[in-house]
Amino acid sequence: MKTDRLANFDLSEAQLQSFVGETLKDADDGELYVEYGESESLTFDNGRLKGGSFNTDQGFGLRAVAGEAVGYAHSGELSEGALKRAADAVTAVTRGHSGQFAESPQRTNSRRYGAENPIGMPSFEDKVALLGEIDAYLRAKDSKVRQVTASINASWKVVEIIRADGMRMQDIRPMTRINISVVTGDGAKQENGSYGVGGRRPFDEFLTEESWKYGADEALRQALVNLSANAAPAGAMDVVLGSGWPGVMLHEAVGHGLEGDFNRKKTSAFAGLMGEMVAAKGVTVVDDGTIDGARGSITIDDEGTAAGYNVLIDDGKLVGYMQDRQNARLMGMKATGNGRRESYAHAPMPRMTNTYMLSGDKTPEEIIASVKRGLYAVSFGGGQVDITSGKFVFGCTEAYMIEDGKIAAPVKGAMLIGNGPDAMRRITMVGNDSKLDTGIGNCGKGGQWVPVGVGQPHLRMNDVTVGGTQA
C-alpha cells in the first residue's frame, strides 16, 4: 500500500519544501503536517449487526509559531491553492516578527509498532461472524444475561511532517480495539459489566478464541458482581486501588496538571512546584511513549520529536513536565515528545502518551491485609477533574468493602472525592505489580481526543473521602 501521501499534492516535494521554508521564514517554529487515515467500526448488539462504518480522510495542517502566538490553518484539499490560502492565514502571526527558526528534532531509527494496515484482516465477514459468536457464547453462559454488545474498531494513519529547513519525517500508525459489554438482570434489577482490549498491533492476539472468551467472561463477571452488590457507604476511609486501569485517576487528577502549557500559564495545581515534594515518598510517575505496541505509544509525536521515557515525579519529588516544542521553548526546557494532535484539523499541544506509576515493594495481599475497614476500588468509570484546583470526583464500576484485612461484599455507587496533589500525599503503600490498562484509553483536552495508556500498581491511600449511596 502506498504510504507517500505527499504525492497526492499537485506540487512536487521540492516545491512543497520551498513553500514551507518561505511561509515560515519569520517564524520561531512550525511545520506542514500531512495526514491520511482509514478507519473501520463494527457493532453487534442484541443478536444482530447494528452498525458498521468505513471512512477515509486526508488533509494538511500548516502552523506558524511566533512567541506565544500560533497561526494554524487546515484543509482537506491537497492543492497549491489550498496551501496558499492557509499560508495567508498563518503568516498573520509572523508580521512584524523576526524569529530565529528552531532547530529540527533529532531523527530516530526506533519503531514502536508495525506499519501493517489492520483493516480487512480478518475480513468483514469473519469479524461479523466473531461478534455473533461472542453474543451467542455469553447468552448461553448465564441465564441472567439480558443484553450483549460487542464491537471491533480499527484505524490506520499515515503522518508526514515537513519543516522549514527541509527535514521530512513520516510515521505510520495502526490501532485496533475490541469491546464487550454485558447487561445482566434479576427481576427488576439490572447491572452491566464491560471489558476492552486494544493497542497499536494487529488483531491476531485479540481475536483468538482464548482472548475473546477471557474478555467475555470478565465482562460477565463484572456484571454479575454488580448485580449482587450492596449500596456503598459514605465517609472518610482508607482506600486500596487496584492495578492497571485505576491509573485513569492518576492520569486525570495528576497527569493533566503536569502538562507544560498548564504550568507555563500557571493554571495547574502543580505550577511553580518543580523540585518540591508533591507526593509521598516511594511514588514515581512516568510518561512513556516508547512501549512497543501500547495504545498511547508513538514513534514520533505530531511535531516530529521522538517519543520519550519521561520521569515526572521521582520518589515524591516533581522533576519534569510533558512538553511540546512551543511550551518547552518558552519555559527554557526540552521538548519531551508530547506534542500531539487529534488530526490535521488540530494544532498540537502537550498531551500524555502512556502515563503510569512505577512499582513499589509491597504485594497486593499485604496492602489489602493492612486495612481494617475500607474500600477496594478495582475499576473506574467516568470522572471529573478541575486542572487549576486539582479537585476530582471518580465513580467506581467495580468495588468491594475491606473488613479486617479481607475483601468482603461488593458495593456499587462508590465515588472517590479529593484533590490530586493531596491524594498523592495520602499514598502510604505502593504495590509491586504495576501494569498498564488493557489498551482502551482515550484522552480529551481542548476539544481534541487522542489514544493514551494509563497504569499503576496496587496502592493504599489513607483517609479518602468516599461518596456512597447507602441510606
Side-chain angles (χ1 to χ4, degrees), residues 3 5 31-39 61 63 104-118 153-163 167-177 198-202 247 251 255-256 258-261 286-312 320-328 334-356 436-437 439-446 448-455:
T3 60
R5 309 319 300 189
E31 70 285 308
L32 173 65
Y33 174 92
V34 185
E35 178 183 278
Y36 172 83
E38 298 178 359
S39 62
R63 181 177 67 141
S104 288
Q106 289 190 340
R107 292 188 180 275
T108 176
N109 291 322
S110 299
R111 285 209 60 83
R112 305 300 173 191
Y113 30 79
E116 189 175 36
N117 190 338
N153 300 276
S155 65
W156 186 76
K157 185 180 288 189
V158 181
V159 166
E160 302 202 54
I161 298 167
I162 292 182
R163 292 181 50 80
M167 178 176 276
R168 174 185 172 187
M169 291 157 280
Q170 184 189 73
D171 197 19
I172 303 173
R173 302 170 178 170
M175 186 71 77
T176 55
R177 177 171 170 173
R200 293 195 185 278
R201 49 176 68 102
H251 167 103
H256 278 298
L258 298 180
E259 291 168 335
D261 49 353
V286 304
D287 184 83
D288 183 6
T290 70
I291 304 169
D292 289 351
R295 182 171 176 84
S297 292
I298 45 178
T299 297
I300 57 172
D301 71 7
D302 295 321
E303 300 177 302
T305 306
Y309 176 91
N310 301 301
V311 180
L312 307 174
Y321 298 131
M322 292 165 280
Q323 298 282 19
D324 65 351
R325 290 174 60 86
Q326 181 188 23
N327 286 282
K334 288 180 61 177
T336 58
N338 292 93
R340 306 186 66 191
R341 64 183 101 195
E342 180 179 328
S343 75
Y344 67 86
H346 306 85
M349 64 176 80
R351 304 296 301 271
M352 285 172 271
T353 58
N354 303 299
T355 310
Y356 57 96
L436 284 179
D437 72 288
I440 59 173
N442 285 309
C443 172
K445 176 182 174 182
Q448 297 189 43
W449 291 88
V450 296
V452 296
V454 302

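Scanning all heavy atoms of the two residues, the minimum distance from C443 to H251 falls at SG-NE2, 3.4 Å. Nearest heavy-atom pair across R173 and Y113 is CG-OH, 3.6 Å. The two residues E259 and M352 have their closest heavy-atom pair at OE2-N, 3.5 Å. In plain terms, the two heavy atoms of P348 and G339 that are nearest each other are CB-C, 4.2 Å. The minimum heavy-atom distance between M322 and G255, with the atom names listed, is CE-O, 3.2 Å. Across all their heavy atoms, T353 and G296 have their closest contact at CB-O, 3.2 Å.
Every side-chain contact (heavy atoms from CB on, under 4.5 Å) that A294 has, sequence neighbours left out, goes to I291, S297, N354, L436. By the side-chain contact (heavy atoms from CB on, under 4.5 Å) test, A154 is found to be paired with P118, I119, T176, F203, residues two or more places apart in sequence or in another chain being considered.
Residues S343 and E35 are in side-chain contact: their nearest non-hydrogen atoms beyond the backbone lie under 4.5 Å apart. Side-chain contact check for N338 versus R351: every heavy-atom pair is 4.5 Å or farther apart. In this structure, N442 and R295 have side chains that are in contact, with non-hydrogen atoms separated by less than 4.5 Å. At least one side-chain heavy atom of I440 sits less than 4.5 Å from a side-chain heavy atom of R177. Counting heavy atoms from C-beta on, the side chains of D324 and D301 never come closer than 4.5 Å.
The residues R63 and D302 are annotated as not salt-bridged, no charged nitrogen and carboxylate oxygen being separated by less than 4.0 angstrom. Salt bridge present: D171 and R111 bring a charged side-chain N and a carboxylate O closer than 4.0 Å.
Judged by distance alone, with hydrogens and angles left aside, the side-chain atoms of R341 form no donor-acceptor pair with the main-chain N or O of E303 at under 3.5 Å. Formation of a donor-acceptor pair under 3.5 Å by the T290 side chain with backbone atoms of G308 is not found in this model. Remark: the backbone N or O of V34 is not paired with any side-chain donor or acceptor of E160 at under 3.5 angstrom. In this structure, the side chain of Q448 engages the main chain of A347 through a donor-acceptor pair within 3.5 Å.
For the side-chain hydrogen bond (donor to acceptor under 3.5 Å, both in side chains) with D261, the qualifying choice from Q326, Q323, K445 is K445, the only one to do so.
Interatomic distance, CE of M167 versus CZ of R163, reported as 8.0 Å (0.5 Å rounding). Interatomic distance, S104 OG to R168 CZ, rounded to the nearest 0.5 Å: 14.0 Å. To the nearest 0.5 angstrom, E38 atom CD is 6.0 Å from W156 atom CH2. Summarising the geometry, atom CG belonging to L258 is positioned 9.5 Å from atom CG belonging to D287; distances are rounded to the nearest 0.5 Å.
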Exercise for the section: Please step through side chain to side chain contact (heavy atoms under 4.5 Å, CB included) for the pair R200 and I298, ending with a clear verdict. Expected result: CA-CA 9 Å; R200 293 195 185 278; I298 45 178; 4.2 Å; yes

Handout entry: Chi angles and distances behind the side chain to side chain contact (heavy atoms under 4.5 Å, CB included) call for T108, I300
Key = CA-CA 8 Å; T108 176; I300 57 172; 3.9 Å; yes

